[in-house]
Amino acid sequence: MFVRFMTRHARAALGLALTFAALSATAAQVVNIGVQPATQPIYIAKAAGYLAPLEAKYNVKFAFHSFPYGAPENQAMAAGSLDLASAGMGPAVVAAARLPAKLLGITILEQTAIVVPSDSKVRTIADLKGKRIAYPGEGSQQYPLLLNALQKAGLKASDVELFKTSGSQVGTLVEQRSVDAGITWDPHISKALAGGKTRVLLKAEKILPLKGGHYVGDGFYGRTAFIDAHPELVRDVMAAQIRAIKLINNEPHKAVEMWAKEIGFPPKVIEYSLKEGISVYSTDIVPDADTMKVYASFLKQAGILQDGDEPKLAPEPARQALAIEKP
């Protein structure tokens with residue numbers, strides 16, 4: 001009786017184990033994507049429903065994880081907590097150079113500007129001599145852009161007073177005239193400009209034009225192991241972003257509504273960004289070697305990358321996606 005009793009329970013346990021194994025085999029794999037509260041195309045790909053078919057096709061579930069800026073996002077990727085990520089081009093390239101990760105695409109152009117109070121007497125970069133300038137830290141791509149702009153105007157960092165703060169506070173400080181100028185990224189730039197109390201002194205495209213006459217603002221990248229293990233999925237994610245960029249350019253009002261819901265920024269701020277070209281979107285998201293070589297050199301000159309840091313590129317998924325979507 002005892003043997004039969006154990007046998008029945010053993011069979012029941014085996015049945016449960018097999019059921020659990022079957023469920024596990026069909027459970028969707030979670031694909032973790034790092035994002036920031038900015039007008040990134042991946043948000044539109046999600047909101048427009050371009051990612052949902054991929055979840056069904058590849059039996060995956062996309063999970064978005066928001067970060068305030070690039071450093072903690074890269075820390076999460078280094079820890080293996082992220083598979084893919086969208087961030088400013090500076091952090092994206094640092095990740096591609098120093099982590100087991102590769103740059104997959106250039107998803108936003110421009111995205112950075114130097115602003116001053118709207119009634120400021122400052123009209124050129126040279127006029128900033130002796131002035132107080134807010135910036136988001138030495139590790140940001142905005143810092144070397146600022147230094148580059150100053151250098152072209154015959155100024156050094158010592159000729160101005162640099163005030164380090166968070167990127168989200170730069171516009172507010174300029175509006176309040178706590179500083180004479182500031183440099184940060186969008187949508188913080190557009191938020192300040194839309195209020196009418198600030199104006200653009202110089203856009204990034206005038207400092208370092210790299211692709212189509214624009215600065216490269218935002219990059220999409222991923223862990224090398226994930227890219228290698230899921231090439232078709234990665235290709236289709238890039239294609240979804242190209243479709244998203246088409247929607248942004250062809251139906252901006254719809255994109256504004258989607259972004260406003262996804263990132264919580266006022267629609268008028270996002271509308272301003274698109275109308276004034278603070279952030280620019282091109283379907284040619286391929287990270288070509290020539291562009292990225294110049295950009296990497298720029299970061300090395302600023303000390304953000306070291307001489308031995310060489311960003312790893314994975315342009316093929318974007319090239320294949322571009323061929324599928326046809327701009």
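Throughout, numbering of the chain's residues begins at 1 and tracks the sequence. As the structure is a computational prediction, the values presented were derived from the model and not from experiment.
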query = Is it true that atom CD of Glu276 has more than 12 heavy atoms of other residues, nucleotides or ligands lying nearer than 6.0 Å?
reply = yes
inquiry  = A quick test of your reading: do over 12 heavy atoms of other residues, nucleotides or ligands sit less than 6.0 Å from NZ of Lys197?
reply    = no
Mind checking whether [X] and [Y] have side chains closer than 4.5 Å, heavy atoms only?
X: Asp159; Y: Lys156; value: yes
X: Met258; Y: Ile44; value: yes
X: Tyr135; Y: Leu162; value: yes
X: Ile270; Y: Pro187; value: no
X: Ile125; Y: Lys152; value: no
X: Val30; Y: Phe62; value: no
X: Met238; Y: Leu104; value: yes
X: Thr112; Y: Leu145; value: yes

If you group Ile, Leu, Val, Met, Phe, Trp and Tyr by side-chain heavy-atom gaps below 4.5 Å, do [X] and [Y] land in one group?
X: Ile263; Y: Leu247; result: yes
X: Val216; Y: Leu274; result: no
X: Leu109; Y: Leu322; result: no
X: Leu193; Y: Val179; result: yes
X: Leu173; Y: Val200; result: yes

ask   = Where do Asp127 and Lys121 land on the salt bridge (Lys or Arg N to Asp or Glu O under 4.0 Å) test, with the steps shown first?
value = CA-CA 8 Å; Asp127 294 336; Lys121 293 182 180 180; over 6 Å; no
query = Without hydrogens or angle criteria, can the side chains of Thr107 and Tyr281 be said to hold a donor-acceptor pair below 3.5 Å?
reply = no
key: Side-chain H-bond candidate by donor/acceptor type, Asn32 with Ser81, under 3.5 Å   = no
Can you check whether [Y]'s main-chain N or O pairs, donor with acceptor, with [X]'s side chain at less than 3.5 Å?
X: Gln40; Y: Val35; answer: no
X: Asp180; Y: Arg132; answer: yes
X: Asn250; Y: Lys246; answer: yes
X: Tyr272; Y: Ile278; answer: no
X: Ser140; Y: Gly137; answer: yes
X: Lys203; Y: Gly277; answer: yes
X: Arg235; Y: Pro317; answer: no
X: Arg98; Y: Glu310; answer: no

Once rounded to the nearest 0.5 Å, what's the spacing between atom [atom1] of [X] and atom [atom2] of [Y]?
X: Gln142; Y: Ile207; atom1: CD; atom2: CD1; value: 9.5 Å
X: Lys61; Y: Glu55; atom1: NZ; atom2: CD; value: 4.5 Å
X: Ser190; Y: Glu271; atom1: OG; atom2: CD; value: 11.0 Å
X: Leu305; Y: Leu299; atom1: CG; atom2: CG; value: 4.5 Å
X: Leu155; Y: Leu150; atom1: CG; atom2: CG; value: 5.5 Å
X: Gln176; Y: Thr198; atom1: CD; atom2: OG1; value: 12.0 Å

request  = Verify side-chain contact (heavy atoms from CB on, under 4.5 Å) between Tyr58 and His230, making sure each step is shown before the conclusion.
outcome  = CA-CA 9 Å; Tyr58 295 103; His230 308 280; over 6 Å; no
What heavy-atom pair brings [X] and [Y] nearest, and what distance separates the two atoms?
X: Val93; Y: Pro311; answer: CG1-CG, 3.4 Å
X: Phe265; Y: Pro37; answer: CE1-O, 3.9 Å
X: Ser86; Y: Ile42; answer: CB-CG2, 4.4 Å
X: Pro41; Y: Ala244; answer: O-CB, 3.5 Å
X: Ala134; Y: Thr165; answer: CB-CG2, 4.1 Å
X: Leu202; Y: Ala149; answer: CD2-CB, 4.1 Å

Salt bridge [X]-[Y], side-chain N to carboxylate O under 4.0 Å:
X: Arg223; Y: Asp83; value: yes
X: Glu262; Y: Lys46; value: yes
X: Asp119; Y: Arg177; value: yes
X: Asp284; Y: Lys211; value: yes
X: Arg319; Y: Glu316; value: yes
X: Glu175; Y: Lys191; value: no
X: Lys300; Y: Asp307; value: no

task = For Glu251, enumerate each residue passing the side-chain hydrogen bond (donor to acceptor under 3.5 Å, both in side chains) test, keeping only those at least two apart in sequence or located in another chain.
result = Lys254
inquiry  = Working note: Glu325 + Arg243, criterion side-chain contact (heavy atoms from CB on, under 4.5 Å); need CA distance, chi angles, decisive distance, verdict.
reply    = CA-CA 7 Å; Glu325 288 299 321; Arg243 290 181 66 191; 2.8 Å; yes
task = Please step through side-chain hydrogen bond (donor to acceptor under 3.5 Å, both in side chains) for the pair Tyr215 and Gln141, ending with a clear verdict.
result = CA-CA 11 Å; Tyr215 180 69; Gln141 61 179 328; 2.6 Å; yes
request  = Show your working on side-chain hydrogen bond (donor to acceptor under 3.5 Å, both in side chains) between Ser279 and Gln111 and close with a plain yes or no.
outcome  = CA-CA 4 Å; Ser279 289; Gln111 210 187 16; 4.6 Å; no
query = With Val31, which of Val237, Val234, Leu233 fulfils side chain to side chain contact (heavy atoms under 4.5 Å, CB included)?
reply = Leu233
request  = Would you please test Ile106 and Phe220 for side-chain contact (heavy atoms from CB on, under 4.5 Å) and show each step?
outcome  = CA-CA 6 Å; Ile106 300 169; Phe220 196 80; over 6 Å; no
task = Output, in order, the C-alpha distance, side-chain angles, deciding distance and verdict of side-chain contact (heavy atoms from CB on, under 4.5 Å) for Thr224 and Ile227.
result = CA-CA 5 Å; Thr224 302; Ile227 295 170; 5.5 Å; no
message = Suppose the criterion is side-chain hydrogen bond (donor to acceptor under 3.5 Å, both in side chains): which pairs have a residue in residues 66-79, not counting sequence neighbours?
response = Gln36-Glu73, Asn74-Tyr221
request  = Taking the six-membered ring for Trp and the single ring otherwise, decide whether the centroids of Tyr143 and Trp185 are under 6.0 Å apart.
outcome  = no
